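Worksheet: the structure to be examined is printed underneath.
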Number of protein chains: 2
Amino acid sequence: MTKRITISDVAIHAGVSKSTVSQYLNGRYDYMGQKTKEKIESAIKELKYSPNMVARSLKQKSSTTIGVIVANILHVFSTQVIRAIEDFCHEKGFHVIVCNADDNSDKEKTYIDMLRAKQVDGIIAFPTGDNVALYQGLLEEKYPLVFMDRLVDGLDIPTVLLDNYKAATLAVDLLKDYQRPAIVTSPLKENLTPRMERLIGFKNELAKHGKSLSDEYIACGEINEIQKKLTELFQLSEPPDAIFAINDRVLHEVLSFMNYQNIRIPDDVALVNVDDVSFAEFYQPALTTISQPAFEMGKKAAELLFTQIKNPQDISTRETFRFEPMVNRRKSC
Amino acid sequence: MTKRITISDVAIHAGVSKSTVSQYLNGRYDYMGQKTKEKIESAIKELKYSPNMVARSLKQKSSTTIGVIVANILHVFSTQVIRAIEDFCHEKGFHVIVCNADDNSDKEKTYIDMLRAKQVDGIIAFPTGDNVALYQGLLEEKYPLVFMDRLVDGLDIPTVLLDNYKAATLAVDLLKDYQRPAIVTSPLKENLTPRMERLIGFKNELAKHGKSLSDEYIACGEINEIQKKLTELFQLSEPPDAIFAINDRVLHEVLSFMNYQNIRIPDDVALVNVDDVSFAEFYQPALTTISQPAFEMGKKAAELLFTQIKNPQDISTRETFRFEPMVNRRKSC
DNA sequence: CTGAAAGCGCTTACAG
DNA sequence: CTGAAAGCGCTTACAG
């Protein structure tokens, strides 16, 4: 790489001091002579000077970069959230570093530590939930931090997530004409808020309608075990006549199973899921889904982070923001 | 934020000089006394010291960060490529900044300039193709750069992409029993290598089989115009009996159209596309697809970038790497 | 209206 | 085996 041009080169070339060039770069023209300005301007052009942001960051203690830690960028919801965050940051002249924690708390910790060492101005995370002491420390330092999708108990960290109870209520409503609803879900853990809340919400809301959701009707397992769980579910003496698939990944397994077993939707069993999927409209039958406003949620998270960055003392935004799910009524129930 | 602990604090606390602490941090223990080592170690622990990477970057001229500029992170292929790159970088202790250029050359230029100002160690880009002078400049500076998915004519920049001609050949082979194949594609522009090559490859390979692809059988338009183009296509006196959908986004439109028009696959018209999609296996009928090894491609791009970072003089890797498409034979043709 | 000087938090020859 | 000094490329009081 050729030798980089620095502010000194520009200063010499323009016949002024580094300070003056710096003033110019930072738009503090208040007292700057017209001539000086022009000299600097043309020196910059001629030398093709571009300031070294690392040096600036060191001095200003801001890297104009934020970190986003998702469980896995391959999940559609995460991708949409990242896109919204990146758009927001781009407008502000910020960059975003993307990290995949893979639901692994060690990896999450490594990422948080490294991002901090790189002096990123803030972090938006889908927290694993297992690094409570670490989160707590960041909170105490007033380090700008926003959580997405998952609640961590007892921590006063602003969080953006779906109103999962509402989503469950909508699912119950969509399935109200069916007698034996079942739910299919990935493994349940306390800190996996979406799954927990959707399950609990579904159960409670069914109860309000005088229907109970017994454990047999809860098919729960890792993605690669779902087929087996579904098999068991449909071997019950009274198999379900409706299914609530808790997210898009589970939905895939359900559709695959239905297809393989020649179970017709909605005639044999009705189906609704959370997360819109690309093929929902032209699938046979078109799938009724409950979607999350992913872009708005991402944008909100970015906004919350920036208000913290601007004013780390401000405590007013340290709350939980629930977004409304939307029903896309189609043909599967 | 509380006052950050610096290397000076550690030095004072341990009763040694900053230099020695720095040696320790960088693992140069060669001549370091056992006691010194221990003192430093415990000082770091007690103070919870973590080095400021920005300061280190300034001195070392490496930010241990790379930039990835995609057209749009929402495209599945891009997401997969990013995931592979991020995994690779994470192993090396690097971070990745993700940027969406939206096929907009101004946006691309802004991103490249800003990434460079932030001293990222290299860039992997899905180039818009319209900033040739800029690319040229980076090349001359020997700035680490790898292109993905798209070829830019006349520039000796290492590029990773699918063997699109091979993909087209495979498509022709899969469709060999059909008489009037058509192709559906997003708008064609010289620098949009995948589309161009797949179209040309398809045409040429058909010719080898004694079939011609007349212009009427090329449905080409922006995603939101595809439905209209398909309508025209199927109003031909001799409508196609097979379709090659050039990518996943086009495929969605085709399936939507087929569904709406009650055209049966493969009885009325056979179908094959490039890019595997999540629902291919359980769609009715299961979709025959030609997929790209996205993860390997992303990994390769990262490897190429790192060899350039390690040795910017080395010219040996400045070539084009074509990856083999794979056929996933299912039921749609 | 502009410049000299100090400092951000590191690393790295070099001296001893 | 360890430390003093210079320097990476900026910014920012402060002086004049």
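Just so it is clear, the structure is predicted and the values come from calculations on it, not from any experiment. Chain letters run A, B, ... following the sequence lines, proteins first, then strands; residues in each count from 1. These numbers come from the heavy atoms of this one structure, side chains and all, not from hydrogens, waters or symmetry mates.
The base of C/dG9 has none of its N or O atoms less than 3.5 Å from a complementary donor or acceptor on the side chain of B/Lys59. For B/Lys18 against C/dG9, no side-chain N or O and base N or O form a donor-acceptor pair under 3.5 Å.
Aromatic rings of B/Phe88 and B/Phe306 (six-membered ring for Trp) have centroids within the 6.0 Å cut-off, being under it. Aromatic pair B/Tyr111/A/His90: centroids less than 6.0 angstrom apart.
Remark: C1' of C/dC8 and CE of B/Met53 are 17 Å apart, rounded to the nearest angstrom. A/Lys61 has its NZ atom 17 Å from the P atom of D/dC10, to the nearest Å. Spacing between atom CZ of A/Arg56 and atom C1' of C/dG7 amounts to 17 Å, rounded to whole angstrom units. Whole-Å rounding puts the A/Gln23 CD to D/dC14 C1' distance at 12 Å. Distance B/Lys39 NZ to D/dC1 P: 14 Å, rounded to the nearest Å. Atom-to-atom, CD of B/Gln34 to P of D/dC1 comes out at 11 Å; the value is rounded to the nearest Å. One can place CG of B/Asp9 at 9 Å from P of C/dG9, the figure rounded to the nearest angstrom. In this structure, A/Ile12 atom CD1 and C/dG3 atom C1' are separated by 14 Å, rounded to whole Å.
Comparing D/dC8, D/dC10, C/dT11 by their nearest atom to the side chain of A/Pro51 picks out D/dC10. Nearest nucleotide to the A/Ala55 side chain, out of D/dA4, C/dC8, D/dG9: D/dG9. Nearest to the side-chain atoms of B/Asn52 among the listed nucleotides C/dT11, D/dC10, C/dG9 stands C/dG9. Across D/dG3, C/dT11, D/dT2, the shortest atom-to-atom separation from the side chain of B/Thr36 is found for D/dT2. Relative to the side chain of B/Thr6, the nucleotides D/dG9, C/dT11, C/dC10 differ in distance, and C/dC10 lies closest.
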* To do: Under 3.5 Å for both distances, Watson-Crick or G-U wobble, that's the pair rule; now give the dot-bracket for DNA chain C, with | marking pairs to another strand and [ ] for crossing ones.
  => |||.||||||||.|||
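Heavy atoms of B/Val16 sit under 4.0 angstrom from primed sugar atoms or phosphate atoms, though from no base atom. Within 4.0 Å (heavy atoms only), B/Tyr24 reaches no atom of the nucleic acid at all.
Between A/Lys299 and A/Glu303 there is a salt bridge, since at least one side-chain N of the basic residue sits less than 4.0 Å from a carboxylate O of the acidic one. Between B/Arg150 and B/Asp103 a salt bridge is recorded (basic side-chain N to carboxylate O distance below 4.0 Å).
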* To do: Carefully, step by step, assess B/Ile69 and B/Ile112 under the rule side-chain contact (heavy atoms from CB on, under 4.5 Å).
  => CA-CA 8 Å; B/Ile69 305 177; B/Ile112 291 179; 3.6 Å; yes
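Geometrically, A/Arg83 does not engage A/Phe295 in a cation-pi contact defined by less than 6.0 Å to the ring centre and at most 45° from the axis.
A/Phe77 pairs with exactly one of A/Asp149, A/Ile82, A/Leu162 by the side-chain contact (heavy atoms from CB on, under 4.5 Å) rule, that one being A/Asp149.
Between A/Leu305 atom CG and A/Met148 atom CE the span is 12.0 Å, to the nearest 0.5 Å.
Residue A/Gln60 has a polar side-chain atom (N or O) positioned under 4.0 Å from OP1 or OP2 of D/dT12. Listed pair B/Thr20 / D/dT2 fails the phosphate criterion, with no side-chain N or O lying under 4.0 Å from OP1 or OP2.
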